[in-house]
J.: 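Okay, here's the structure, questions in a sec.
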Amino acid sequence: MYGGGYIFEEPNRVQQREEQLHDDPEKLAAFEMRIAKGEKIEPGDWMPAEYRRQLIRLIEQHAHSEIIGALPEGTWITRAPGFKRKLALIAKVQDEIGHGQLLYNAAETLGKSREAMINDLLSGKSKYSNVFNYPAETWADVTVIGFLIDAAAIVNQVANAKGSYGPYCRALDRICYEESFHLKQGHDAFIELATGTPGQKAMLQDALNRWWQPIMHFFGPPDKVSGHSEKLMQWKVKMASNDDMRNQFLEAYVPKIRELGLTLPDPLLNKNEETGRWEYSDPDWDLFFEVIKGNGPCNKERLDVRKWAEEHGRWIRKALMKEEAFGKKAMPVA
Ligand code: COA
């Protein structure tokens with residue numbers, strides 16, 4: 001256990017008991033009617049136990065991805081080329097941690113404590129995004145992350161911000177504003193390398209080649225394999241399927257990459273003008289499942305850093321929880 005002594009409220013204990021007792025067809029129908037009408041579901045509202053469970057799983061995984069996702073870029077703060085790139089990267093990494101904070105708060109409204117979420121991350125029980133288990137070997141890797149992984153995240157988040165669970169949607173709205181800025185700085189750095197010296201362009205091409213498959217994996221397994229999509233789309237938690245989001249990403253970003261004279265490491269990548277869909281080689285899904293099971297190149301390193309931070313930050317959380325720190329009610333802390 002990595003108990004850091006978090007203080008949290010569990011506002012939904014009563015509702016959760018109610019749901020288990022009364023997850024009956026009438027309530028379910030009324031709930032689904034609200035969703036069909038486009039209403040937002042709020043923490044105090046009745047919801048099916050499975051809706052709550054799925055939201056916790058997804059939001060928690062998203063929150064973990066934000067804080068783990070800060071690590072590969074964070075290692076480049078001291079090595080960013082020049083003062084402006086360094087400032088932008090510091091700001092971006094801080095934003096990502098803030099996104100984690102917003103998302104943990106959103107997940108807490110569903111009744112899972114921050115402590116339990118962190119424990120599940122550190123024990124390997126909870127997943128986080130596949131893409132953050134790869135090394136950022138060169139500055140070009142950071143550039144590819146800043147441009148294309150943030151772009152992929154935006155495709156997902158802009159869609160899901162229109163979903164059904166109020167606290168998650170509001171967190172995503174805020175996150176999308178900041179991610180748009182991240183995308184701009186990533187694109188700017190990407191263009192700088194693509195139009196720079198032959199050495200810079202080659203470094204970027206190499207990073208693109210290595211990151212392409214993880215980026216294709218990012219949107220999740222194909223629709224025919226995805227276990228959660230159907231229900232989550234019906235409940236408007238996911239607003240588009242994995243394949244549709246992948247397609248939206250390819251549509252928006254492949255032309256931007258190719259117009260800079262870069263290539264993508266997939267000979268089959270091509271838009272079928274008749275169907276309007278992109279065709280591509282199937283990425284290695286066995287590899288994807290290995291990575292999200294904990295066997296990617298950097299999974300151990302990433303979790304070790306978080307464990308270190310958890311252990312070394314415990315004293316400050318304890319200090320902040322003392323009554324003297326904030327009066328009668330101690331503050332919940334990250
Ligand atoms: N990285 C890690 N795990 C992933 C993944 C990814 N890129 N894509 C899918 N998975 C996992 C799912 O968590 C699920 O595992 P589980 O059944 O053990 O929980 C499994 O692969 C099957 O995938 P699927 O049924 O398609 O899962 P899903 O409905 O959760 O869809 C996402 C996957 C990524 C589209 C969805 O989780 C999502 O939109 N998450 C929020 C956004 C986010 O986390 N972004 C990453 C950080 S920016």
Side-chain angles (χ1 to χ4, degrees), residues 50-51 53-73 92-93 95-100 102-104 106-107 117 120-121 124-134 145-165 168-169 171-172 174-176 178-180 182-183 186 211 213-249 283-296 298-299 302-303:
E50 181 60 8
Y51 177 84
R53 193 186 71 80
Q54 284 283 356
L55 271 172
I56 291 174
R57 177 189 70 82
L58 189 133
I59 302 173
E60 175 183 355
Q61 176 173 313
H62 193 168
H64 296 330
S65 303
E66 298 286 349
I67 61 165
I68 296 279
L71 299 178
E73 290 179 294
K92 179 179 191 295
V93 167
D95 285 351
E96 305 295 5
I97 300 297
H99 297 171
L102 287 171
L103 291 163
Y104 283 125
M117 289 188 265
D120 285 349
L121 168 68
K125 187 173 170 210
S126 291
K127 295 190 167 68
Y128 57 88
S129 186
N130 69 299
V131 282
F132 302 122
N133 291 306
Y134 292 86
I145 295 171
F147 179 32
L148 295 175
I149 291 184
D150 283 68
I154 288 177
V155 168
N156 172 292
Q157 289 161 182
V158 166
N160 290 346
K162 298 184 186 68
S164 62
Y165 188 57
Y168 187 41
C169 297
L172 289 181
R174 161 80 186 268
I175 289 171
C176 285
E178 293 179 354
E179 292 289 1
S180 316
H182 298 171
L183 176 65
W211 282 91
Q213 179 157 267
I215 291 172
M216 292 294 282
H217 286 156
F218 176 88
F219 299 92
D223 293 351
K224 57 181 187 294
V225 178
S226 163
H228 304 297
S229 286
E230 197 183 333
K231 198 73 197 160
L232 291 182
M233 286 176 68
Q234 186 196 332
W235 281 338
K236 295 190 183 168
V237 173
K238 278 170 91 163
M239 297 301 282
S241 76
N242 299 358
D243 286 336
D244 284 347
M245 295 225 189
R246 199 165 9 249
N247 197 65
Q248 275 181 44
F249 169 81
D284 181 345
W285 290 111
D286 291 339
L287 174 67
F288 167 80
F289 284 111
E290 276 306 305
V291 171
I292 68 171
K293 251 181 10 203
N295 302 324
C298 296
N299 298 59
R302 300 286 181 250
L303 287 187

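Whatever order the structure lists them in is the order used to number ligands and atoms, beginning at 1.
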J.: Around atom 10 (N) of ligand 1, find the nearest protein heavy atom and jot down its residue, atom name and distance.
T.: F288 CZ, 3.8 Å
J.: So which protein heavy atom does atom 41 (C) of ligand 1 come closest to, and at what separation?
T.: Y168 OH, 3.5 Å
J.: Could you go step by step and tell me if H64 and E60 meet the side-chain hydrogen bond (donor to acceptor under 3.5 Å, both in side chains) rule?
T.: CA-CA 6 Å; H64 296 330; E60 175 183 355; 3.2 Å; yes
J.: Does the side-chain hydrogen bond (donor to acceptor under 3.5 Å, both in side chains) test come out yes or no for E50 and Q54, once each step is laid out?
T.: CA-CA 6 Å; E50 181 60 8; Q54 284 283 356; 3.3 Å; yes
J.: Examine the proximity of ligand 1 to L232 and report which part, side chain or backbone, both or neither, has a heavy atom under 4.0 Å away.
T.: side chain
J.: Record the part of N156 in heavy-atom contact with ligand 1 below 4.0 Å; permitted values are side chain, backbone, both and neither.
T.: side chain
J.: Does a donor on one side chain and an acceptor on the other come within less than 3.5 Å for Y128 and H62?
T.: no
J.: I want to know if ligand 1 touches S65 in the polar sense, i.e. an N/O pair below 3.5 angstrom.
T.: no
J.: Is the shortest N/O to N/O distance between I292 and ligand 1 below 3.5 Å?
T.: no
J.: Among protein heavy atoms, which lies nearest atom 34 (C) of ligand 1, and at what distance?
T.: F218 O, 4.1 Å
J.: Where do I67 and G100 come nearest, in terms of heavy atoms and distance?
T.: CG2-CA, 4.2 Å
J.: Could you list the atoms of ligand 1 found under 4.0 angstrom from a heavy atom of G220?
T.: 8 (N), 9 (C)
J.: Using heavy atoms and a threshold below 4.0 Å, how should the contact between H62 and ligand 1 be classified: side chain, backbone, both, or neither?
T.: both
J.: Using a 4.0 Å cut-off to any heavy atom of A153, which atoms of ligand 1 qualify?
T.: 48 (S)
J.: Number the atoms of ligand 1 from 1 as they appear, then name those within less than 4.0 Å of a heavy atom of Q61, with their elements.
T.: 3 (N), 4 (C), 13 (O), 37 (O)
J.: Ligand 1 and S226, any nitrogen or oxygen pair closer than 3.5 angstrom?
T.: yes
J.: So N242 and R246, do their side chains get closer than 4.5 Å, heavy atoms only?
T.: yes
J.: Looking at atom 22 (C) of ligand 1, what's its closest protein heavy atom, distance included?
T.: P221 CG, 3.9 Å
J.: Considering both backbone and side-chain atoms of G227, is one of its nitrogen or oxygen atoms within less than 3.5 Å of a nitrogen or oxygen in ligand 1?
T.: yes
J.: Does an N or O anywhere in E66 fall below 3.5 Å from an N or O of ligand 1?
T.: no
J.: So, regarding Q157 and ligand 1 (criterion: nitrogen or oxygen to nitrogen or oxygen, under 3.5 Å), is there a contact or not?
T.: no
J.: Establish whether atom 36 (C) of ligand 1 and some protein heavy atom are separated by less than 4.0 angstrom.
T.: yes
J.: If you have a sec, work out which protein heavy atom is nearest atom 17 (O) of ligand 1 and how many Å separate them, to one decimal?
T.: H228 NE2, 2.6 Å
J.: Need the ligand 1 atom indices (1-based, order shown) with element for anything under 4.0 Å from a heavy-atom of S129.
T.: 1 (N), 2 (C), 7 (N), 46 (C)
J.: Using 0.5 Å steps for rounding, measure from the CH2 atom of W285 to the CD atom of Q213.
T.: 8.5 Å
J.: Distance to 0.1 Å, residue and atom name: give those for the protein heavy atom nearest to atom 31 (O) of ligand 1.
T.: K238 NZ, 2.9 Å
J.: Between E73 and K92, does at least one N-O distance fall below 4.0 Å, as a salt bridge requires?
T.: yes
J.: Which heavy-atom pair separates I59 from A106 by the least distance, and what is that distance?
T.: CG2-CB, 4.2 Å
J.: Could you tell me whether M245 approaches ligand 1 through its side chain, its backbone, both or neither, with non-hydrogen atoms closer than 4.0 Å?
T.: neither
J.: Under 4.0 Å from ligand 1, counting heavy atoms only, is it the side chain of V131, its backbone, both or neither?
T.: neither
J.: List the closest protein heavy-atom neighbour of atom 12 (C) of ligand 1: residue, atom name, distance to the nearest 0.1 Å.
T.: R57 NH1, 3.8 Å
J.: Of the non-hydrogen atoms in V155 and M245, which two are nearest, and what is the gap between them?
T.: CG1-O, 3.7 Å
J.: Which word best sums up how the rings of F288 and H217 line up, parallel for under 30°, tilted for 30 to 60°, or perpendicular for over 60°?
T.: tilted
J.: Which residue and atom name correspond to the protein heavy atom nearest atom 1 (N) of ligand 1, and how close is it?
T.: N130 N, 2.9 Å
J.: For V291 versus N130, what's the shortest heavy-atom pair and its separation?
T.: CG1-O, 3.8 Å
J.: Provide the closest heavy-atom pair for W235 versus S164 in the form atom of the first, atom of the second, distance.
T.: O-OG, 2.7 Å
J.: In Å, rounded to the nearest 0.5 Å, how long is the span from CD of E96 to CG of L71?
T.: 11.0 Å
J.: Kindly indicate whether the side chain of F132, heavy atoms from C-beta on, has any atom under 4.5 Å from the side chain of I149.
T.: yes
J.: Give, for atom CD1 of I145 and atom OH of Y134, the distance between the pair rounded to the nearest 0.5 Å.
T.: 12.0 Å
J.: Just which atoms of ligand 1 are under 4.0 Å from any heavy atom in N160?
T.: 39 (O)
J.: Below a 4.0 angstrom heavy-atom separation, can you tell me which part of N242, side chain or backbone, both or neither, approaches ligand 1?
T.: side chain
